[in-house]
Number of protein chains: 2
Amino acid sequence: MREGGFHGFSFREIAADVGIKSASVHHHFPTKEDLAAAAARAYADRHMAALGDPDDPERAPADLIPLYVDLFRRALVEDRRMCLCGVLATEASALPPGVNAEARAFFERNLAWLESVVARAAPGARPRDIEAQALRIAAMLEGAMLVAHSLGDIDAFETAVLELSETLSLGSAKME
Amino acid sequence: MREGGFHGFSFREIAADVGIKSASVHHHFPTKEDLAAAAARAYADRHMAALGDPDDPERAPADLIPLYVDLFRRALVEDRRMCLCGVLATEASALPPGVNAEARAFFERNLAWLESVVARAAPGARPRDIEAQALRIAAMLEGAMLVAHSLGDIDAFETAVLELSETLSLGSAKME
DNA sequence: ACCTGAACACCGTTCAAGT
DNA sequence: ACCTGAACACCGTTCAAGT
């Protein structure tokens, strides 16, 4: 699913991997929508668990953005794959509603996490600017993964993302 | 294809639209790889033609980045769709080689165009920094489209991309 | 509760046959 | 050169039948 998207895998493949018949898979996940939504939800849960509490006073906000970048980097470098919800995002308009909802929830949870971190890093910033900065970070990471994945060039990810890890809140507080 | 990716459309659909049988489509495009590669190439050609010459002395580099941003904005707003090659990029590892090659070529052509514009805007910049800036612009636009498309919120694209149109070469010349 | 084989309408692809 | 119907192995889904 992370490689071929919603239509890039089949019930019969999964059944063969698990050692049952495809009709049996439908007993656990009645439709492909159910199965893909569950996979997206599990992916998002693991992703958010790896990020941890954005308001943890033990962790400086200046360390949390590099940690965020690193989570995406590892997904791309170690798995040599896109972000699952990034793949689903591009297919949004052709996805069953339940799958689309889980992909959207992934981004909403990511943005909420980033907004918490950016707010801590730039205490005086306006809510509007905090939201904008969170959106830019999430968009840059998904875009950097996407382009690097297409070019087959992991360095492209590093290059695109370098600015983010270096200068955390480039304009979050001082934006006009 | 822009909605469901490589597996999101069928020869039989296309045949019905055109008024022939699906076997006849194979006469023009022997395989789905041929058809999708041709579509990606045509998309990239139209895209690059809309951008025009990045070195045209009649057009200031400061005007060309907003023009670039606007091309992606219109794709998202008017068509309510992702960039075709952005969709294909996320499916890269599951794509037939010929399709993958055309998607990659789209990004290479975009990066070359952006590098020309950035080089004109920051004449003293090092090649390494010019490439990095071009990569960031392309990644930010694809990522902003992807996130906005998943959220179903076009304003998210505008917000993420605002910084790009405002301050063209934020760090292209002064990057360390 | 969990699994299965068989059937349904779909899919890309091939091919012999038509004009 | 362009089209077609028929066949192939695939796909998601359903369902009656098994344990």
Side-chain angles (χ1 to χ4, degrees), chain A residues 1-44 81-82 84-106 150, chain B residues 1-44 81-82 84-106 150:
Chain A
M1 199 160 145
R2 270 177 81 182
E3 289 178 346
F6 182 75
H7 292 103
F9 72 99
S10 74
F11 273 71
R12 283 168 174 87
E13 279 179 69
I14 291 174
D17 286 352
V18 174
I20 57 178
K21 298 297 171 186
S22 87
S24 309
V25 179
H26 285 277
H27 181 261
H28 303 277
F29 302 98
T31 65
K32 203 173 186 184
E33 173 174 10
D34 296 315
L35 195 156
R41 165 93 69 147
Y43 182 86
R81 280 198 265 261
M82 260 301 281
L84 172 60
C85 294
V87 179
L88 294 177
T90 66
E91 299 175 334
S93 42
L95 246 29
V99 184
N100 196 17
E102 291 299 340
R104 193 173 59 243
F106 171 84
S150 181
Chain B
M1 201 160 144
R2 271 178 81 181
E3 289 178 345
F6 181 74
H7 293 103
F9 72 98
S10 74
F11 274 70
R12 284 169 174 85
E13 278 178 69
I14 291 174
D17 286 354
V18 174
I20 57 179
K21 298 298 170 185
S22 88
S24 308
V25 180
H26 285 276
H27 181 262
H28 303 275
F29 302 97
T31 65
K32 204 174 184 181
E33 174 174 10
D34 297 315
L35 194 156
R41 165 93 69 150
Y43 183 85
R81 279 198 265 260
M82 259 302 281
L84 172 61
C85 293
V87 179
L88 294 177
T90 67
E91 299 175 332
S93 42
L95 245 33
V99 183
N100 197 16
E102 291 300 341
R104 192 172 59 244
F106 171 84
S150 181

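Computed over heavy atoms, backbone and side chain alike; hydrogens, waters and symmetry mates excluded. Please read these numbers as outputs of a predicted model, since none were measured by experiment. The chains referred to below are lettered A, B, ... by the order of the sequence lines, with proteins before strands, and numbering in each begins at 1.
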### Message
Just to verify, what does B:Ala94 make a side chain to side chain contact (heavy atoms under 4.5 Å, CB included) with, not counting sequence neighbours?
### Response
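B:Ala94: side chain to side chain contact (heavy atoms under 4.5 Å, CB included) contacts with A:Glu3.
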### Message
Checking B:Glu33 now: which residues fulfil side chain to side chain contact (heavy atoms under 4.5 Å, CB included) with it, not counting sequence neighbours?
### Response
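Scan of B:Glu33 (side chain to side chain contact (heavy atoms under 4.5 Å, CB included), adjacent residues dropped) gives B:Thr31, B:Pro96, B:Pro97, B:Val99.
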### Approximate separation, where rounding is to 0.5 Å, of A:Met1 CE and A:Arg81 CZ
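Between A:Met1 CE and A:Arg81 CZ, I get 12.5 Å after rounding to 0.5 Å.
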Residues 15-29 of chain A side chain polar contacts: donor-acceptor under 3.5 Å, at least two apart:
unit_1	atom_1	unit_2	atom_2	d
A:Ser24	OG	A:Lys21	O	3.4
A:His26	ND1	A:Pro30	O	2.8

### Message
If you compare every side-chain N and O of B:His28 against the phosphate oxygens of D:dA1 (OP1, OP2), does one of them come in below 4.0 Å?
### Response
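So the side-chain polar atoms of B:His28 never come under 4.0 Å of the phosphate oxygens OP1 or OP2 of D:dA1.
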### Query
Closer than 4.0 Å, any side-chain N/O of A:Ser24 to the OP1 or OP2 of C:dT4?
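A:Ser24 to C:dT4 OP1/OP2: side-chain N or O found under 4.0 Å.
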### Message
Expressed as a whole number of angstroms, how long is the span from A:Ile20:CD1 to D:dG18:C1'?
### Response
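The distance from CD1 of A:Ile20 to C1' of D:dG18 comes to 16 Å, rounded to the nearest Å.
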### Distance, rounded to the nearest Å, where A:His27 contributes NE2 and D:dT19 contributes P
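Spelled out: NE2 on A:His27 to P on D:dT19 is 17 Å.
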### Message
Going by side-chain hydrogen bond (donor to acceptor under 3.5 Å, both in side chains), name the residues that satisfy it together with B:Arg104, two or more places apart in sequence or in a different chain.
### Response
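side-chain hydrogen bond (donor to acceptor under 3.5 Å, both in side chains) list for B:Arg104, sorted by chain: empty.
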### Query
How is A:His7 classified with respect to the nucleic acid when contacts are heavy atoms under 4.0 Å: base, sugar-phosphate, or nothing?
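Since no nucleic acid heavy atom lies under 4.0 Å of A:His7, the category is nothing.
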### Query
Can you check whether A:Arg2 reaches A:Tyr43 side chain to side chain, under 4.5 Å on heavy atoms?
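Heavy-atom side-chain distance check passes, below 4.5 Å.
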### Query
Are A:His7 and B:Phe9 side-chain neighbours, meaning at least one heavy-atom pair lies under 4.5 Å?
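No. Closest side-chain heavy atoms not under 4.5 Å.
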### Message
Can you pull out the residues from residues 95-103 of chain B that lie within a 4.0 Å heavy-atom distance of DNA chain C?
### Response
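DNA chain C contact set from residues 95-103 of chain B: none.
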### Task
Looking only at non-hydrogen atoms, find the nearest pair between B:Glu102 and B:Ala37 and report the distance.
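Shortest heavy-atom separation between B:Glu102 and B:Ala37 comes out as CG-O, 3.5 Å.
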Could you go through nucleotides 12-15 of chain C and list every protein N or O atom that sits under 3.5 Å from one of its N or O atoms, giving the distance for each pair?
unit_1	atom_1	unit_2	atom_2	d
C:dG12	OP1	B:Phe9	O	3.3
C:dG12	OP1	B:Phe11	N	3.1
C:dG12	OP1	B:Lys32	NZ	3.4
C:dG12	OP2	B:Phe11	N	3.0
C:dG12	N7	B:Arg12	NH1	2.7
C:dG12	O6	B:Arg12	NH2	3.1
C:dT13	OP2	B:Lys32	N	2.7

Identify every side-chain donor-acceptor pair in residues 84-93 of chain B under 3.5 Å, counting partners at least two apart or on other chains, and give the distances.
unit_1	atom_1	unit_2	atom_2	d
B:Thr90	OG1	A:Thr90	OG1	3.4
B:Thr90	OG1	B:Val87	O	2.8
B:Glu91	OE1	B:Phe6	N	3.0

#### Entry: Dot-bracket line, read 5' to 3' along DNA chain D, where crossing pairs take [ ] and | marks a partner on another strand, Watson-Crick or G-U under 3.5 Å
||.|||||...|||||.||
